[in-house]
Amino acid sequence: MLLRDARLLSSTDDHEGDLRVADGLIDAVGDLSPRSDERIVDLDGRTLMPGLVDAHVHFSLSGETSVESVVELSDAELALVEARNARKTLESGVTGTRVMAARGVDLDLQRAVTRGDVPGPRMVVNDRSITITGGHGHHLGREIDGPVDARKAVREQVKRGAEFIKFMTTGGVTTPGTDPDRVALTDDELDALVDETHRHGLHAATHVHGADGAKAAALAGVDTIEHGTFLDDEAIELLVSEDVTLVPTLSAPHYIVRNVEWATADSARKTDHIYEAHLESFARAVDAGVRIAGGTDAGTPFNYHGSNAAEITFMIEHGLSPRGALAAMTETAAETVGLDGCGTLEPGTDADLLVVAGDPLEESTTLNDPEAVLFGGDLVSGFLPDGPTSR
Ligand SMILES: [Zn+2]
């Protein structure tokens, strides 16, 4: 298939041209002559860009006000919920994800998607989050106590096929009885978790709100910090010097604040306290040159799957350039989570593409509703300009 007369937009490039898809891959980019036997789609100047990559989603959660209803689901029910959320995500234009998993179910989902049993984006998956006993996310996670248990938890997950490890350095907004400001894991536990993760060649992601947690995690050698709500100057300097990527998840507090009358009293109270601080931390981190990978925390209260592209708008509103925000949610996110070959228009990579009306650099909200989503060269949502028969 030849996608002709497009504006080819990636995080590093922006020019007119054509793009050929063959065998699910981007075959060539440039000024291309049609082959006699190929389908030609005239894009008429529409933007053709890489599918989005979301570095932080929860397919186990669907925007409920609290996780309690999710905890009651059987694993089979949870898998069906996850399959629905994965499909919504893909159809919205997110073709790559890092999935913060629950009860190991997401590894099964990943295999089902890879086999083609259910539609879904490319996924980098852990097994479940690691947390202290009673800590943030304990309902769907693995509770640990002490460095020996920490190593064992990592080894269990590697044995089951986890592709990265996530742990909760501080308390969280959505778990009653935990404090987002306080460091939950001890230094011994953090060191053991990071060391064991890296021994297996995986990357370590950690949930952090408070500045002390960010510093402890950065010094322990984590690869990504999720949220980073209360970063002070020292924490930001450490993120830069220790080469830690920040996944800000601005969507998460945004939707709780916007729907505060329906939120649980506990998460409303905590979010009220954190929202402004979170935006300010993000802006300062951007100014200081911290590497940003886009992630939405989709699935958290009122943060519905399929609205992921709004994170780009939020990042632009709070300090990133439009091109920087686009990079954060394409190439940088892909590199950060290990989805090699995603998030670019390089020949030889998977043909995960969006056709978008208008200019996403001028008007990022156009990404909320792409005209067409191609995944591995197949149309999975919307229409190409030559008509609806194309699927
Ligand atoms: Zn999360």
Side-chain angles (χ1 to χ4, degrees), residues 53-68 70-71 78 81-82 85-86 89 94 97-103 105-106 109 123-131 135-142 162-176 178 180 184-185 203-210 213-214 217 222-230 245-257 263-264 266-267 270-271 274-275 278 281-282 292-308 310-311 314-315 329 333 336-337:
V53 178
D54 189 327
H56 188 136
V57 300
H58 297 266
F59 288 147
S60 54
L61 309 175
S62 308
E64 301 88 349
T65 52
S66 111
V67 296
E68 263 154 48
V70 179
V71 174
L78 188 59
V81 165
E82 294 203 354
N85 291 338
T89 301
V94 176
T97 52
R98 182 177 58 170
V99 184
M100 307 304 180
R103 284 200 232 131
V105 169
D106 305 65
L109 174 68
M123 299 162 62
V124 175
V125 184
N126 68 338
D127 179 71
R128 68 198 73 197
S129 291
I130 297 171
T131 190
H136 177 53
H138 68 86
H139 298 93
L140 297 164
R142 159 76 153 90
E163 297 172 303
F164 75 100
I165 299 295
K166 183 194 176 195
F167 43 86
M168 309 300 200
T169 298
T170 67
V173 173
T174 51
T175 309
T178 71
L185 291 162
H203 77 266
T206 190
H207 161 103
V208 165
H209 289 297
V222 300
D223 302 287
T224 69
I225 281 189
E226 314 298 311
H227 320 305
T229 309
F230 303 107
T245 301
L246 177 64
V247 182
T249 70
L250 301 181
S251 299
H254 175 91
Y255 289 114
I256 296 178
V257 166
T264 64
D266 188 63
S267 58
K270 288 177 180 170
T271 304
I274 74 174
Y275 189 45
H278 192 171
S281 281
F282 171 71
I292 307 288
T296 58
D297 218 358
T300 51
F302 319 104
N303 185 3
Y304 301 111
H305 295 279
S307 307
N308 312 58
E311 183 74 15
F314 300 148
M315 290 191 287
M329 219 152 162
T336 300
V337 307

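In listed order, ligands and their atoms are each counted from 1. If you're wondering where the values come from, they're calculated on a predicted model, not measured in any experiment.
In summary, an N, O or S atom of H58 is located under 2.8 Å from the Zn ion (ligand 1). Taking backbone and side chain together, H227 holds no N, O or S atom under 2.8 Å from the Zn ion (ligand 1).
Put simply, the residue from T178, T169, T170, T229 that forms a side chain to side chain donor-acceptor pair (under 3.5 Å) with H209 is T229. With D297 as reference, H58 is the one residue of H207, H58, H254 to meet the side chain to side chain donor-acceptor pair (under 3.5 Å) rule.
Side chains of H136 and T131: no donor on one and acceptor on the other come within 3.5 Å. Side-chain polar atoms of T296 and D54 form a donor-acceptor pair below 3.5 angstrom.
D297 contributes atom OD1 as its closest N/O/S atom to the Zn ion (ligand 1).
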